[in-house]
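Here's the structure, in structure tokens; my notes come after.
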2 protein chains.
Amino acid sequence: MPTQNKPSLPVIKRLPKYYRYLGEMEKEGVTKVSSSELARVMGTTASQVRQDFNCFGGFGQQGIGYNVKLLHEELGKLIFARHPVPTILIGAGNLGHAMANYFRQDTQGFELLAAFDVKPEMIGLTLCGVAIRDMAELESYCAEHKPKVAVICVPREAAKQVAQKLIDLGIRAFWNFSHYDFSIEYPDIIVENVHLGDSLATLSYEVNNNL
Amino acid sequence: MPTQNKPSLPVIKRLPKYYRYLGEMEKEGVTKVSSSELARVMGTTASQVRQDFNCFGGFGQQGIGYNVKLLHEELGKLIFARHPVPTILIGAGNLGHAMANYFRQDTQGFELLAAFDVKPEMIGLTLCGVAIRDMAELESYCAEHKPKVAVICVPREAAKQVAQKLIDLGIRAFWNFSHYDFSIEYPDIIVENVHLGDSLATLSYEVNNNL
DNA sequence: TAGATTGTTAATCGATTAACAATC
DNA sequence: TAGATTGTTAATCGATTAACAATC
């Protein structure tokens with residue numbers, strides 16, 4: 001069993017992409033793949049591919065390459081929990097709707113239990129099969145259902161307060177679409193940020209300076 | 001005038017965040033800020049803040065700090081074009097809807113001109129004030145209106161073909177929500193990727209291994 | 001066995017952090 | 001002037017790439 005360096009964040013961020021390509025290959029009936037073939041589709045080097053996998057204990061066979069099915073399975077085990085992680089959505093506006101829909105098609109690893117909003121006219125409606133509840137119910141709901149992950153789709157003004165509340169209620173992991181930065185005030189919390197505004201601004205910079 | 005090292009990608013990705021915080025400070029009436037104060041809110045070091053700004057030619061005053069209004073303005077000029085960049089949306093499904101809405105509130109730098117879809121039942125409808133057109137019209141539309149940026153909200157199966165078409169029609173910059181990787185086949189194209197599936201999978205990894 | 005390709009160590013590269021002279 | 005804080009160079013750190021021995 002080879003060395004297992006704790007994987008760094010860049011390595012972890014590449015895992016889903018490997019997983020995706022391996023899934024495609026498996027579907028196409030490809031049974032084995034070399035680090036250099038994987039590197040080409042990933043847009044990286046064979047060296048990096050091997051380094052990456054060796055963080056988790058080397059799934060390959062010297063002289064042969066990697067077994068596509070096995071590697072895909074192993075990465076799947078690393079990435080996804082055995083049971084779907086109970087998840088709630090905070091903020092049922094436009095973005096919240098899109099994300100709820102996203103969960104419906106691509107639920108692997110997560111199960112959306114409920115949505116919450118403050119707007120009275122939304123409460124009681126359903127969103128992709130889950131009820132939209134009053135934020136006032138959040139505490140009792142969490143006490144009963146113990147969600148582990150929250151998707152934050154509230155405007156920035158509300159985000160700080162919502163975050164504080166959820167953390168107090170025991171939620172430790174967030175898929176965060178708001179512009180509030182959890183990481184600075186709560187370093188122990190798991191947060192995956194999707195900052196659409198920053199992404200668009202980055203594109204604007206590139207267009208402005210390189211087109 | 002100080003040295004202007006060409007900014008690296010990590011620097012560029014931090015610009016919108018600086019811009020955001022400086023905007024907030026300006027609104028609050030703060031007139032000056034030091035690199036260490038900025039570092040604290042950004043979650044980084046004073047050294048990095050100064051290095052970052054010096055890529056663009058040092059906006060500060062030794063012994064004093066940075067003028068909030070001026071720095072905010074200068075970053076704005078770097079990030080956003082003088083005139084909004086004409087933009088089209090490809091794919092008017094759930095995600096497309098959310099993104100069109102996003103453009104309505106946060107248009108700074110971009111102007112959404114039109115949306116395109118293949119589904120006959122969607123064509124002719126409007127989406128946040130822009131018409132949804134038939135993909136068949138894409139070529140003539142681009143010839144007439146010369147959009148510069150396309151937002152890609154189509155499923156992965158369609159993405160490769162759509163990308164090829166848009167690149168042939170002269171579009172050079174993409175805000176890409178599909179799982180197709182432009183960068184490998186078209187290295188000269190400007191692409192800002194938002195891979196929601198990968199982001200969610202990364203969160204799943206973290207939850208699975210650190211919670 | 002010879003060829004291929006991994007696992008792993010070493011070298012390089014780039015980004016971040018530290019230090020300090022310049023100067024307001 | 002003294003204190004503060006930048007701009008910039010130097011040191012460190014970490015990630016990527018190269019090299020090569022191990023081995024299928």
Side-chain angles (χ1 to χ4, degrees), chain A residues 1-15 17-18 22 25 30-72 74-75 78 183-184 187 202 205, chain B residues 1-15 17-18 22 25 30-72 74-75 78 183-184 187 202 205:
Chain A
M1 206 26 59
T3 7
Q4 293 189 218
N5 310 311
K6 195 176 173 284
S8 63
L9 196 60
V11 176
I12 292 167
K13 297 237 174 218
R14 281 192 291 269
L15 288 185
K17 204 170 161 186
Y18 285 120
L22 287 162
M25 287 175 184
V30 180
T31 57
K32 73 149 271 245
V33 67
S34 69
S35 56
S36 49
E37 288 171 298
L38 259 176
R40 197 164 23 86
V41 294
M42 290 279 297
T44 179
T45 62
S47 220
Q48 181 167 82
V49 172
R50 297 202 297 276
Q51 288 276 30
D52 284 355
F53 293 155
N54 281 17
C55 294
F56 306 99
F59 307 112
Q61 237 187 327
Q62 279 171 327
I64 309 293
Y66 297 89
N67 177 317
V68 171
K69 187 165 182 292
L70 180 109
L71 185 54
H72 185 247
E74 291 299 325
L75 294 186
L78 280 167
S183 45
I184 295 174
T202 303
Y205 176 91
Chain B
M1 211 19 64
T3 6
Q4 294 189 220
N5 310 311
K6 195 178 173 280
S8 64
L9 196 60
V11 175
I12 292 167
K13 297 235 175 221
R14 281 192 291 270
L15 288 185
K17 204 171 162 186
Y18 285 120
L22 288 162
M25 287 176 184
V30 180
T31 57
K32 72 147 273 241
V33 68
S34 69
S35 56
S36 49
E37 288 170 299
L38 259 176
R40 196 163 24 85
V41 293
M42 290 280 295
T44 178
T45 62
S47 219
Q48 181 167 85
V49 171
R50 296 202 298 276
Q51 288 276 30
D52 284 354
F53 294 155
N54 281 16
C55 293
F56 306 99
F59 306 113
Q61 236 188 327
Q62 280 171 327
I64 309 292
Y66 297 89
N67 177 318
V68 171
K69 186 163 181 295
L70 180 109
L71 185 53
H72 184 247
E74 291 298 325
L75 294 186
L78 279 168
S183 45
I184 295 174
T202 303
Y205 176 91

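In what follows, every chain begins at residue 1, and chains take the letters A, B, ... in the order their sequences are listed. In what follows, every heavy atom counts, from backbone to side chain, and hydrogens, waters and symmetry copies are set aside.
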CD on B/Gln48 to CZ on B/Phe53, rounded to 0.5 Å: 10.0 Å
Interatomic distance where CG belongs to B/Leu71 and C1' belongs to D/dT6 [whole Å]: 13 Å
Heavy-atom side-chain proximity of A/Thr44 to A/Val49 below 4.5 angstrom: yes
For atom CE of B/Met42 and atom C1' of C/dT17, their distance in whole Å: 16 Å
Distance-only donor-acceptor test (3.5 Å): side chain B/Gln51, base D/dT9: yes
Spacing of A/Ile12 atom CD1 relative to D/dT16 atom C1', expressed in whole Å: 17 Å
Watson-Crick or G-U wobble partner of C/dT12, both distances under 3.5 Å: D/dA15
N/O (side chain, A/Ser35) to phosphate O (OP1/OP2, C/dT5) under 4.0 Å: no
B/Leu71 side chain near B/Tyr18 side chain, heavy-atom distance below 4.5 Å: no
Distance, rounded to the nearest Å, where A/Leu70 contributes CG and C/dT6 contributes C1': 15 Å
Separation of C/dT8 P from A/Gln48 CD (nearest whole Å): 17 Å
Atom pair distance, as rounded to whole Å: CG in A/Leu9 and P in C/dT16: 13 Å
Sugar-phosphate only, base, or nothing, as touched by A/Ser47 at under 4.0 Å among non-hydrogen atoms: base
Along DNA chain D (nearest heavy atom to each residue), the more 5'-positioned of A/Gln61 and A/Arg14: A/Arg14
Base D/dT23 paired with A/Gln62 side chain (donor-acceptor, <3.5 Å): no
Presence of B/Ser34 side-chain N/O under 4.0 Å of D/dT5 phosphate oxygens OP1/OP2: no
Toward the 5' end of DNA chain D, by each residue's nearest nucleotide, B/Ser36 or A/Thr44: B/Ser36
Within-4.5 Å side-chain heavy-atom neighbours: B/Gln51 and B/Val11: no
Side-chain N,O (B/Arg50) to OP1/OP2 (D/dG7) below 4.0 Å: no
Base partner of D/dC24, which must satisfy Watson-Crick or wobble distances under 3.5 Å: C/dG3
Rounded distance [0.5 Å steps], CG in B/Leu22 versus OH in B/Tyr66: 10.5 Å
Polar contact flag, side-chain donor to acceptor under 3.5 angstrom, A/Ser36-A/Ser34: yes
Closest-nucleotide 5' rank along DNA chain C - winner of B/Asp52 and A/Lys32: A/Lys32
For atom CZ of A/Phe53 and atom C1' of D/dA15, their distance in whole Å: 17 Å
Phosphate contact (D/dG7 OP1 or OP2) by B/Tyr66 side-chain N/O below 4.0 Å: yes
Whole angstrom value for the distance that separates P of C/dA15 from NZ of B/Lys13: 14 Å
Nearest-nucleotide pick for B/Ser8, side chain only, options being C/dA15, D/dG7, D/dC24: C/dA15
